[in-house]
Number of protein chains: 2
Amino acid sequence: MLLHQPDVLQGALELLDEDGLDGLTMRRLGARLNVRGGALYRHFPSKEALLDAMAEQLLEGVADADRPHDPWPERLRFLGRHLRQKLLTRRDAARVVAGTYTSGPNTQAVGRLAFQILSDAGFKPSQAGALHFAMFHFVLGHVIEEQAAAALGPEHDWAARIMKDPGYRGDLYQETLLELAKASQEERFEYGMKVFIDGARAQVGDL
Amino acid sequence: MLLHQPDVLQGALELLDEDGLDGLTMRRLGARLNVRGGALYRHFPSKEALLDAMAEQLLEGVADADRPHDPWPERLRFLGRHLRQKLLTRRDAARVVAGTYTSGPNTQAVGRLAFQILSDAGFKPSQAGALHFAMFHFVLGHVIEEQAAAALGPEHDWAARIMKDPGYRGDLYQETLLELAKASQEERFEYGMKVFIDGARAQVGDL
DNA sequence: ACCTGAACACCGTTCAAGT
DNA sequence: ACCTGAACACCGTTCAAGT
């Protein structure tokens, strides 16, 4: 049976989920699709183009959750949450999206929505632009870290090693990092979003 | 003349500057040091270990600029600025630091300082931890983007391509992204820092 | 102790030739 | 039009053998 672009994209996303970004090679993707690696170049001109298409797919629907009549801080919080949730559905998704510089429709829709929300809030275009970038840096950075920690797995026993370190006892910084790794990542995410949004509200005199 | 660890590290940083992270391979680094690639494994157990050492070196001195008697928002802004400046001194430095999970002395000192400043401001450990991560995500994301744009170079003529797009005229979002790319990155960085810091101040009742 | 030479097990990508 | 087979120009890493 012949392969088509959507099959390759679908297979790539499945392989990403199973083996992670480092395990995603053209040869292995070919094998999964019963084809040699070189054959994939009939469907995508390069691995980079495939990764761009994957990033696009990973952002599908993220911009659809807006409630335009809610207050802007809620809309922004919602968008951030939705983006994080979507990225968490697929292994290494945040790294794929961060490592790509596409302007496909989904990518644009997400950026546009953040920009729109901030414009509605009263920010000047240059400010809305700066802030929408800052927000994506926060979300992507946060989820990259979450997914990197998940990949190490609980067996890495990072905690136990730190505990044994003689310098650990009474080191509030190390202790806190340890607690943070074990605590709810969602809670930490929400706190970051709140600080960001409160900072934005302060600019606009809404705080 | 025999090679030692510091020579390899120094050579790696120079090669990074000249050829970027993608151009940094063990074989090419060996060639630059008049040695075969395999010989480097006498000095670093893996490329990853070398990259960790590079990240450490890239953060040297960043935590030394603190003025403990200044108000905490100024201290935080200073640290963020200093980190950005340091990362900008070497090509792809932000990608190297972001892609690495060391806890060498310099890396720790930077994290510890941010944590200390936030603790002094009155944040609980878990909050200070969450915020210091958020701040690094912002700074690293910002500088990665700056350095990626710099690598494309002005000849990429991204601007001209967008201008030709029939959908461009009157598209405030695209227009703004374009302006943002041409505008002062420092200004955009400062604005992001201000929003973040004002958000933090709001949590602590200082706003 | 450090380096060479050579290999192992891979990469992304290209392209004539087959169907 | 799509795929195979085979190659090209690389990777990171290992290791016996040399000095």
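Proteins come first, then strands; the chains are lettered A, B, ... in the order of their sequence lines, and each starts at number 1.
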Counting Watson-Crick and G-U wobble pairs whose two distances are both under 3.5 Å, find the runs of 3 or more in a row that involve DNA chain D. C:4-8 with D:12-16, C:12-16 with D:4-8
Considering residues at least two apart in sequence or located in another chain, which fulfil the side chain to side chain donor-acceptor pair (under 3.5 Å) criterion with B/Ser119? none
Report, one pair per line, the protein and nucleotides 14-16 of chain D atoms (nitrogen or oxygen only) whose separation is under 3.5 Å.
none

Grab the CG-P distance between B/Leu29 and D/dT13 for me, whole Å please. 12 Å
Can you list every pair that meets salt bridge (charged side-chain N to carboxylate O under 4.0 Å, His left out) and has a residue in residues 138-152 of chain A, with sequence neighbours left out? A/Arg84-A/Glu146, A/Glu145-A/Arg188
For the C1' atoms, the ones on C/dC8 and on D/dC11, what distance do you get once it is rounded to whole angstrom? 12 Å
CD (B/Glu74) with more than 12 external heavy atoms under 6.0 Å: yes
Expressed as a whole number of angstroms, how long is the span from A/Asn34:CG to D/dC2:P? 17 Å
Among all residues two or more places apart in sequence or in another chain, which pass the ring pair (Phe, Tyr, Trp, His ring centres under 6.0 Å) test with B/Tyr191? none
Nucleotide D/dC2, atom P - distance to CG of A/Leu33 in whole Å: 14 Å
Listed once per pair and sorted, the side-chain hydrogen bond (donor to acceptor under 3.5 Å, both in side chains) pairs that draw on residues 125-135 of chain B, sequence neighbours left out: A/Tyr173-B/His132
DNA chain C contacts made by residues 3-27 of chain B, counting heavy atoms under 4.0 Å: B/Leu3, B/Arg27
note: A/Glu48, atom CD; C/dC11, atom C1'; distance rounded to Å ~ 16 Å
Test side chain to side chain donor-acceptor pair (under 3.5 Å) applied to A/Glu18 - qualifying residues, sequence neighbours left out: A/Arg32
Please list all pairs passing the ring-ring contact (aromatic ring centres under 6.0 Å, His included) test where one or both residues lie in residues 27-49 of chain A, with sequence neighbours left out. none
Taking the side chain of A/Lys47 as its heavy atoms from C-beta onward, which of D/dT13, C/dT13, C/dC2 lies nearest to it? C/dT13
Under the side chain to side chain donor-acceptor pair (under 3.5 Å) rule, collect the residues that match up with B/Asp198, sequence neighbours excluded. A/Gln203, B/Lys194, B/Arg201
Within this structure, what is the CG-to-C1' distance between A/Leu2 and C/dT19, rounded to whole angstrom? 11 Å
Distance-minimising heavy-atom pair for B/Leu131 and B/Phe196: O-CZ, 3.4 Å
Please state how far atom CZ in A/Arg36 lies from atom C1' in C/dA17, giving the value in whole angstrom units. 14 Å
Taking the C1' atom of each, how far is C/dC10 from D/dA9, in whole Å? 13 Å
Pairwise salt bridge (charged side-chain N to carboxylate O under 4.0 Å, His left out) hits with a residue in residues 95-120 of chain A, at least two apart: A/Asp22-A/Arg95, A/Arg75-A/Asp120, A/Asp92-A/Arg95, A/Arg112-B/Asp171
Take the protein atom NE2 of A/His43 and the nucleotide atom C1' of D/dA1, then report the distance between them rounded to whole Å. 9 Å
Once ring pair (Phe, Tyr, Trp, His ring centres under 6.0 Å) is applied, do any residues pair with B/Phe138, and if so which ones, sequence neighbours excluded? B/His142, B/Phe189
